[in-house]
Amino acid sequence: MIKLFKYALLLCLLQASLLLQAQVSILPEKAAAGDTVTISFDPGKSAAAHRAGPFFVDFNYSNFYEFPSRMPMQREGGLWRVRFKLPAYANFSCFTIADKDKKFVQQASDSSQYEIYVYKQGKLIAGNYLGKSYSVPVQDKTSDHIVATQEYYLKKELSLYPDNYEAQLRLIVLQMKTSSPAQQARLLKKGLAVVEQKFRSNPLFEGNLNKVTMGYLILGQNQKVDSIRQVVINEFPNKKIGISYRLNKLFREQDSATVVAKIGELLSLKTADNETAYGSAYEYLFNYYVRHGDSVQARKYLPLITSWEQDPYKWRTYNEYVQLLLDHKLMLQDASKLNLYLLDSVAAYPVSLIRYFPETGYLVAHDPAKADKLRAIKAEIMANQGLITAQLNQPEAAREWFAKSIPTLQSAALLRAVAVQYQQWNDPTSAIPVLEAAYRHAPFDPAIRQLLDSALVKTGMSNAAERQAYFSKLDKQWKQGYYQEFQKIIGNTPFPEDISLVDMDKKPLLKAELMDKIVIIDFWATWCKPCIASFPYLHQVYKKYADDPQVKFVVLNSGSGNSWDDAYKWAQANPQFDFPFYYNQDKKLSSRLEITSIPTTLILDKKGNIRFRKVGFEGEKLLQSLDAMIEYLKELEQ
């Protein structure tokens with residue numbers, strides 16, 4: 001049977017290769033890091049012959065962090081082409097070619113996409129077939145042989161690179177899925193031995209220990225992460241890594257005074273070899289003394305936790321230091337100096353995912369909104385500078401900073417703080433437009449509404465009905481901004497008819513229960529921390545529409561890594577979230593809906609079509625965007 005499957009797989013690959021040669025070419029055939037890759041598409045040899053373009057390369061799986069996931073192609077004669085230089089860290093990637101609206105999508109075959117493998121001196125580099133195995137569920141979403149195909153490519157990877165640590169563990173996990181309990185136990189023991197060998201290969205190097213941690217997580221042995229750290233503490237207590245782990249363990253204690261005392265004991269062990277491990281200790285002490293109003297002690301540690309070279313991991317932390325000092329009205333001159341340094345270096349602020357490679361240094365993922373995000377961050381830094389100078393009793397300078405920041409300031413918390421400062425200066429007229437902006441960014445925040453309501457009264461709007469009309473007008477304003485964006489992103493994909501979802505009483509959810517309603521389906525799992533973190537915001541929107549017969553919420557445990565019992569126990573243990581929980585019994589539903597990560601929220605219209613898709617943790621932003629989507633669909637169907 002396995003031989004038959006392998007033969008069928010090779011036949012599919014041959015067919016895909018022939019199709020690729022006819023319609024799409026990728027040159028050079030054996031691209032290496034640093035090479036310029038050219039992808040050419042001939043629409044005349046495809047179903048796109050009648051389309052004028054434009055066409056795009058859509059990377060569906062790749063590690064090209066600096067590139068957009070969608071690359072526009074350029075017309076050259078009768079062909080469409082795109083060229084790019086392979087990054088130094090490049091590995092396997094797969095892509096499709098599509099038109100602007102993805103109504104036409106060109107693949108190598110029905111079950112495979114076009115692929116780029118990366119070579120060095122004509123030899124396939126490590127990790128390509130590992131990447132290919134990861135891409136299988138993306139390339140062939142409806143296949144009944146996903147696990148077998150992934151296993152096939154993991155074995156190919158290990159045939160070339162038998163020491164590929166991640167491939168070894170991924171293969172073991174796949175084999176466990178189709179094994180008996182006794183075989184699973186033997187395979188788990190084998191996997192743990194692989195992780196132990198990795199640990200012993202370099203137990204003092206944190207990068208290696210990160211891979212050890214990753215290995216336990218791959219094997220589903222999360223509880224062993226703490227135990228291996230304890231092994232490090234026991235065996236290497238005074239080495240750099242041992243001190244680092246001892247501090248991390250210490251910080252879990254609730255009594256901060258006890259933590260400070262024990263940090264003092266650990267500082268007595270400081271040597272030239274382990275001194276760099278104490279950065280987190282200095283940071284804890286700085287925070288502790290600021291919160292306790294001890295500027296003398298806090299000032300001792302600030303120089304030890306700040307440096308004046310660009311490091312993208314430090315900017316948010318420095319921003320937090322500034323905010324901490326401002327909140328406690330302590331060391332404001334130091335806060336001003338640090339804040340102005342951030343302003344001068346704002347271009348280095350990390351606005352997106354960062355990766356580090358020894359050969360390239362820090363890399364920031366491609367982000368088309370990077371310029372806008374940097375402008376918003378710059379506005380936040382300038383607003384903080386205004387708040388600092390106000391505390392330093394320099395009102396004119398503070399007003400100048402506020403004037404620079406307010407037009408592009410998007411932080412509701414900072415807008416509120418600026419408005420409060422205006423009110424402290426007995427200037428409600430200046431406070432009102434700032435509070436209006438804050439309200440448009442956070443209309444669910446009762447404190448902002450109360451402040452704005454109070455400012456309106458102070459400026460003569462004493463009639464309650466007039467103020468209510470005022471707020472209704474603001475609500476329309478902020479929703480209109482969303483509505484304009486929705487027109488660009490709204491979709492119209494039918495939700496599957498054949499669903500297999502059950503509630504927490506194991507009662508099936510019928511498709512008829514979703515018809516003629518705007519449906520919010522939120523995919524989550526008990527192990528997904530961002531999912532749980534989004535629940536307080538999702539719950540606020542749910543409570544607003546709980547009695548609305550036009551709206552239905554389906555908070556759906558995805559079934560990935562969870563059983564119905566897991567979902568039930570979690571719901572019972574968290575009664576503060578009383579929205580309706582469901583469990584997904586269809587293991588192929590996520591792939592059919594192209595859900596590759598959670599949290600993902602789908603918003604369906606009354607006809608059962610998926611109109612919006614929200615991916616990832618949004619925090620407070622979920623309140624407005626989801627509320628606006630619901631209202632938009634209501635208005636659309638009137």
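The structure displayed is predicted, hence computed values, not measured ones. We number each residue from 1, following the sequence as shown.
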Proximity of Phe535 and Phe577 rings by center, below 6.0 Å: yes
side-chain contact (heavy atoms from CB on, under 4.5 Å) against Ser69, all qualifying residues, sequence neighbours excluded: none
pair Asn384-Leu342: side-chain heavy atoms closer than 4.5 Å: no
Would you tabulate the side-chain donor-acceptor contacts of residues 433-440 under 3.5 Å, counting partners in other chains and residues two or more places apart, or write 'none'?
residue	atom	partner	partner atom	Å
Glu436	OE2	Tyr470	OH	2.0
Tyr439	OH	Arg449	NH1	3.3
Tyr439	OH	Asp475	OD1	2.8
Arg440	NH1	Gln477	OE1	3.2

Whether Asn574 side chain and Trp570 backbone form a donor-acceptor pair below 3.5 Å: yes
Test log, rule side chain to side chain donor-acceptor pair (under 3.5 Å), inputs Glu485 and Tyr632: CA-CA 11 Å; Glu485 291 301 314; Tyr632 181 76; over 6 Å; no
With Lys378, the side chain to side chain contact (heavy atoms under 4.5 Å, CB included) member among Leu343, Thr408, Leu409: Leu343
NZ (Lys262) with more than 12 external heavy atoms under 6.0 Å: no
Arg467: partners by side-chain contact (heavy atoms from CB on, under 4.5 Å), with sequence neighbours left out: Asp453, Leu456, Val457, Met461, Ala464
Gln323 and Asp327: side chain donor to acceptor below 3.5 Å: yes
For Ser430, side chain to side chain donor-acceptor pair (under 3.5 Å) partners two or more places apart: Asp427
Heavy atoms of other groups near Asn426 CG, more than 12 under 6.0 Å: no
Interatomic distance, Phe444 atom CZ to Leu623 atom CG [nearest 0.5 angstrom]: 5.5 Å
Inter-residue atom distance Ile521.CD1 - Leu604.CG, 0.5 Å rounding: 5.0 Å
Report, one line per pair, each donor and acceptor closer than 3.5 Å where one atom sits in a side chain of residues 289-298; sequence neighbours left out.
residue	atom	partner	partner atom	Å
His292	ND1	Tyr288	O	2.8
Asp294	OD1	Val296	N	3.3
Asp294	OD1	Gln297	N	3.1
Gln297	OE1	Lys300	NZ	3.3

Student check: side-chain heavy atoms of Asn274 and Lys270 closer than 4.5 Å: yes
Asp522 side, atom CG; Asn557 side, atom CG - distance, nearest 0.5 Å: 10.5 Å
With a 3.5 Å cut-off and sequence neighbours excluded, list the donor-acceptor pairs that the side chains of residues 410-418 form with protein atoms.
residue	atom	partner	partner atom	Å
Ser411	OG	Leu414	N	3.2
Arg416	NH1	Asp445	OD2	3.3

Donor-acceptor pair, side chain of Asn60 and main chain of Asp58, under 3.5 angstrom: yes
Donor-acceptor pairs under 3.5 Å, side chain of residues 243-250 to any protein atom, not counting sequence neighbours: which ones?
residue	atom	partner	partner atom	Å
Arg246	NH1	Pro237	O	3.0
Arg246	NH1	Asn238	OD1	3.1
Asn248	ND2	Ser244	O	3.4
Lys249	NZ	Gln230	OE1	2.6

Donor-acceptor pair, side chain of Arg83 and main chain of Val37, under 3.5 angstrom: no
Lys544 side, atom NZ; Glu631 side, atom CD - distance, nearest 0.5 Å: 5.5 Å
Separation of Leu325 CG from Leu338 CG (nearest 0.5 Å): 8.0 Å
Ser345 and Trp315: CA distance, side-chain angles, deciding distance, side chain to side chain contact (heavy atoms under 4.5 Å, CB included) verdict: CA-CA 9 Å; Ser345 311; Trp315 299 110; 3.4 Å; yes
Qualifying residue for ring pair (Phe, Tyr, Trp, His ring centres under 6.0 Å) with Phe553, from Tyr542, Phe579, Phe581: Tyr542
Minimum side-chain heavy-atom gap Tyr318-Ile305 below 4.5 Å: no
Distance-only polar pair, side chains of Ser336 and Gln385, donor-acceptor under 3.5 Å: yes
CA sep, side-chain torsions, deciding dist, call: Arg611, Ile603, side chain to side chain contact (heavy atoms under 4.5 Å, CB included): CA-CA 6 Å; Arg611 306 308 296 269; Ile603 299 90; 5.7 Å; no
Asp627 with Lys479: basic N within carboxylate O range, under 4.0 Å: yes
Residue of the set Ile518, Ile520, Leu626, Val551 for which side chain to side chain contact (heavy atoms under 4.5 Å, CB included) holds with Tyr545: Val551
Any residue meeting side chain to side chain donor-acceptor pair (under 3.5 Å) with Gln550, in chain and number order, not counting sequence neighbours: Lys606
Counterpart residues, salt bridge (Lys or Arg N to Asp or Glu O under 4.0 Å), relative to Lys211 (two or more places apart): none
Option among Phe84, Tyr89, Phe59, Phe95 that satisfies the ring pair (Phe, Tyr, Trp, His ring centres under 6.0 Å) test with Phe67: Phe84
Side chains of Ile381 and Tyr341 in contact at under 4.5 Å (non-hydrogen atoms): no
All side chain to side chain donor-acceptor pair (under 3.5 Å) counterparts of Asn492, not counting sequence neighbours: Asn609
Full working for salt bridge (charged side-chain N to carboxylate O under 4.0 Å, His left out) between Asp578 and Lys543: CA-CA 9 Å; Asp578 61 351; Lys543 297 302 284 186; 3.1 Å; yes
Side-chain H-bond candidate by donor/acceptor type, Glu283 with Tyr321, under 3.5 Å: yes
Phe523 vs Leu602 side-chain heavy atoms within contact, under 4.5 Å: yes
Set of residues satisfying side chain to side chain donor-acceptor pair (under 3.5 Å) with respect to Arg613, sequence neighbours excluded: none
Crowding at CG, Asp547 (>12 non-hydrogen neighbours, <6.0 Å): no
Contacts of Leu267 that satisfy side-chain contact (heavy atoms from CB on, under 4.5 Å) - sequence neighbours left out: Ile263, Tyr278, Tyr282, Leu285
Nearest non-hydrogen partners of Leu326 and Leu332, listed with the distance: CA-CD2, 4.2 Å
Chi angles and distances behind the side chain to side chain contact (heavy atoms under 4.5 Å, CB included) call for Thr213, Arg229: CA-CA 9 Å; Thr213 297; Arg229 288 173 180 165; 4.3 Å; yes
Distance, nearest 0.5 Å, that separates CD of Gln423 from CD of Gln421: 10.5 Å
Min side-chain heavy-atom separation Phe286-Leu304 under 4.5 Å: no
